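Here the structure is a predicted model, which is why all the values come from computation and not from measurement.
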Amino acid sequence: MSPAVLLRWAVRDSAKGLTASWIGGLGYQAGLILLPWCLGRALDQGITPGDRSPLLYWAAATLLVSVALTGAEFAMRWWATLAGVRTGNRLLLRLAERVLGWDAVTAHRFSAGDLVTRGTRDVEQITIWLSTVPSLASGMLGFLAVLVVVATLDPMLAIVGLSTVPLLIAVNLWYPKRYEGANAALSAAHGARADAVEDLLSASTAVRGLGGEQVLIERHHEVSATVRDRTLALARIAAGWAANAPFVPWLATAIGVAFGGLAVLDGSFSVGGLVSFASWMTLLGRQVMMLTFRFGQLGDAWTAAGRIETVLTATPEMPERGADSLAAGGLLTAEGVTVALDGREPLRLPDLAVREGEFVAVVGPVGTGKTTLLRLLARLADPATGVIRYGGTDLRDAAIGDVRDAITIVGQRPLLLSGTIAENLRLGRAHLTDEQLREACRVAGILEHIESLPEGFATVVGERGSTVSGGQLQRLALARGLLRGAKVLLLDDVTSAVDARTERRILDGLRELGVTIVFATSRTAVKDLADRVIDLGVHDGELVSHG
């Protein structure tokens, strides 16, 4: 897909609103052309000594055209803005849906700040451009119509007016490519600055006291300086384009007024005709300015569409075949699984078979692949070789949505979103009742703490859970995972930050659920309570990975 394909989709998606706006734009252009004509007629026919009726007639006609012009402009802008905003929102949803469906490897191709820029600034560029499409289309027709009416006034004036066309073409061939290149460089700079801001806001606390704050600030200053320089470079091109393009018809106006004035003095041309010519040439300059601005917005949208298209067409590392249905339960197995590691020998994981309802603890030294195994079992990644099955179905053959419904993973370093505890627990599942939230929190050992808070479940947590402790964060994430209602729970050391008493309550609650649990852990209490322990450090008498 190219930028042109995405922009065509945007136009088709908002076709009804753009069409209504375009009709309003045609009326607007007609009004702009009629006003000078009415003014010329008022001067030539309306100013008649002893007879006011022609003057009043043309004054009324000018007023009616002005009112119609105002209504047409309102309709053009209203419908265009409405269509642009609606399609921009749908494009943002497409972008978000695509990103949320990525696997980890694909997501790591893009930085968080750059993705934010593509979903905000770039989508906004396309939204703005969409709202200008009707005025661009009607404005080009209006531009041609002005040339036609000027050509009907006087042969010499027609030559003066038409002489602007090749000069305008030359100006509008010179600037667009330079504008597009400068705009692409500016978009990339904005993405880099978004990354720097993200690091400055989210990582500054982690490096405080290590001297890292100044590094983050200096990095932000550097990328901000790049944004400034590239903004100025783009502004210079845009200013030259906007200034030089209308200068051509304005120069023709001055020449036309000189020739037309001589014709008026000779009696071969009327004052009203000269005023109409000057007004139309001024309108031509205004049209050129508008069209130049619109083509600049098209360049912005083209660059933005290319950046968004890169996201929409990113090929996932984990293709979804999705041909087979996933069983409601059964064995969770891993056979012949290896994981490719950059610059190192592949990591070989032992075969395993976890029975339905079984509680299995996975242990082993750091680097033996405990977290990696859980990610494979949840199909957050695919093995280099081997196969992961649930209920006899290869996870690669099932729809990702079905896998997510059946298998839930709770990571060791979970995140919370800005909002209330209840909103984080529901996470878009509005149908969950308060009692379901309470039960999940009871199992996760966090209910008493929540109920002790003044606002209870309505307590607002900071971004990424910054206002809760590590243990509270783990337990809230566990409760959120339980609310998925999955048949398989994959838990990555989720009790590492809680005390022994709370850990025992959590483990007892998990055993009561009766679901399949694979718990990667280094905690003795988990190993003691598990039905079976799988030690990744030793496999067939050999160390699998040294870490």
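Heavy atoms from other residues, nucleotides or ligands lying under 6.0 Å from CH2 of Trp129 number more than 12.
Proximity of Val5 to Glu309: side-chain heavy atoms (C-beta onward) are nowhere separated by under 4.5 Å. Counting heavy atoms from C-beta on, the side chains of Asn424 and Leu476 never come closer than 4.5 Å. Arg121 is not listed as a side-chain neighbour of Val116, based on a closest heavy-atom distance of 4.5 Å or more. Arg404 places a side-chain heavy atom less than 4.5 Å from the side chain of Leu380. In this structure, Leu6 and Leu91 have side chains that are in contact, with non-hydrogen atoms separated by less than 4.5 Å. At least one side-chain heavy atom of Ile421 sits under 4.5 Å from a side-chain heavy atom of Ile450. Residues Leu395 and Tyr390 have side chains in contact (heavy-atom distance under 4.5 Å, counting atoms from C-beta outward). Counting heavy atoms from C-beta on, the side chains of Leu425 and Leu432 never come closer than 4.5 Å.
In this structure, the separation between CG on Leu82 and CG on Leu130 is 12.0 Å, given to the nearest 0.5 Å. The distance from the CZ atom of Arg426 to the NE2 atom of His431 is 9.5 Å, given to the nearest 0.5 Å. Separation of atoms CZ (Arg429) and CD (Gln436) is listed at 10.0 Å; rounding is to 0.5 Å. The structure places CG of Asp402 at 12.0 Å from CG of Asp397, a figure rounded to the nearest 0.5 Å. In this structure, Tyr57 OH and Cys38 SG are separated by 8.5 Å, a value rounded to the nearest 0.5 Å. In this structure, the separation between OG1 on Thr132 and CZ on Arg294 is 5.0 Å, given to the nearest 0.5 Å.
In this structure, Ile126 and Ile308 approach most closely via the heavy-atom pair CD1-CD1, 3.7 Å. Gly84 and Thr127 make their closest contact through O-CG2, 3.3 Å (heavy atoms, listed as atom of the first residue, atom of the second, distance). Across Leu92 and Gly119, no two heavy atoms sit closer than the pair CD1-O, 3.2 Å. Summarising the geometry of Ile33 relative to Gly142, their closest heavy-atom pair is CD1-O, 4.1 Å, with the distance given to 0.1 Å. Between Ala486 and Ala406 the shortest heavy-atom distance is CB-O, 3.4 Å. Taking both residues in full, the closest heavy atoms of Leu234 and Ala182 are given as CD1-CB, 3.8 Å, listed atom of the first, atom of the second, then distance.
Counting only residues at least two apart or in different chains, salt bridge (Lys or Arg N to Asp or Glu O under 4.0 Å) contacts with residues 66-93 comprise Asp13-Arg90, Glu73-Arg77. The side-chain hydrogen bond (donor to acceptor under 3.5 Å, both in side chains) contacts involving residues 24-39 comprise Tyr28-Arg286, Gln29-Gln287, where partners must be two or more places apart or lie in separate chains.
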Check step by step if side-chain contact (heavy atoms from CB on, under 4.5 Å) holds for Met76 and Leu26.
-> CA-CA 9 Å; Met76 176 183 68; Leu26 292 179; over 6 Å; no
Please assess Thr420 against Thr459 for the test side-chain contact (heavy atoms from CB on, under 4.5 Å), listing each intermediate value before the final yes or no.
-> CA-CA 5 Å; Thr420 66; Thr459 300; over 6 Å; no
Check the pair Thr62, Leu39 against side-chain contact (heavy atoms from CB on, under 4.5 Å), reporting the backbone distance first and the verdict last.
-> CA-CA 7 Å; Thr62 303; Leu39 181 59; 5.8 Å; no
Steps toward salt bridge (Lys or Arg N to Asp or Glu O under 4.0 Å) verdict (Arg379, Asp394) = CA-CA 10 Å; Arg379 214 201 164 201; Asp394 187 336; over 6 Å; no
Evaluate side-chain contact (heavy atoms from CB on, under 4.5 Å) for Gln297 paired with Leu136, printing each intermediate quantity in order.
-> CA-CA 10 Å; Gln297 290 170 321; Leu136 174 62; over 6 Å; no
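Under a 3.5 Å cut-off, the side chain of Thr81 and the backbone N or O of Trp78 do not form any donor-acceptor pair. The backbone N or O of Ala314 lies less than 3.5 Å from a partner atom in the side chain of Arg98, making a donor-acceptor pair. Under the 3.5 Å distance criterion, the side-chain polar atoms of Arg375 are left unmatched by any main-chain donor or acceptor of Ala381.
Both cation-pi conditions hold for Arg94 and Trp9: the charged atom is under 6.0 angstrom from the six-membered ring centre and inside a 45 degree cone around its axis.
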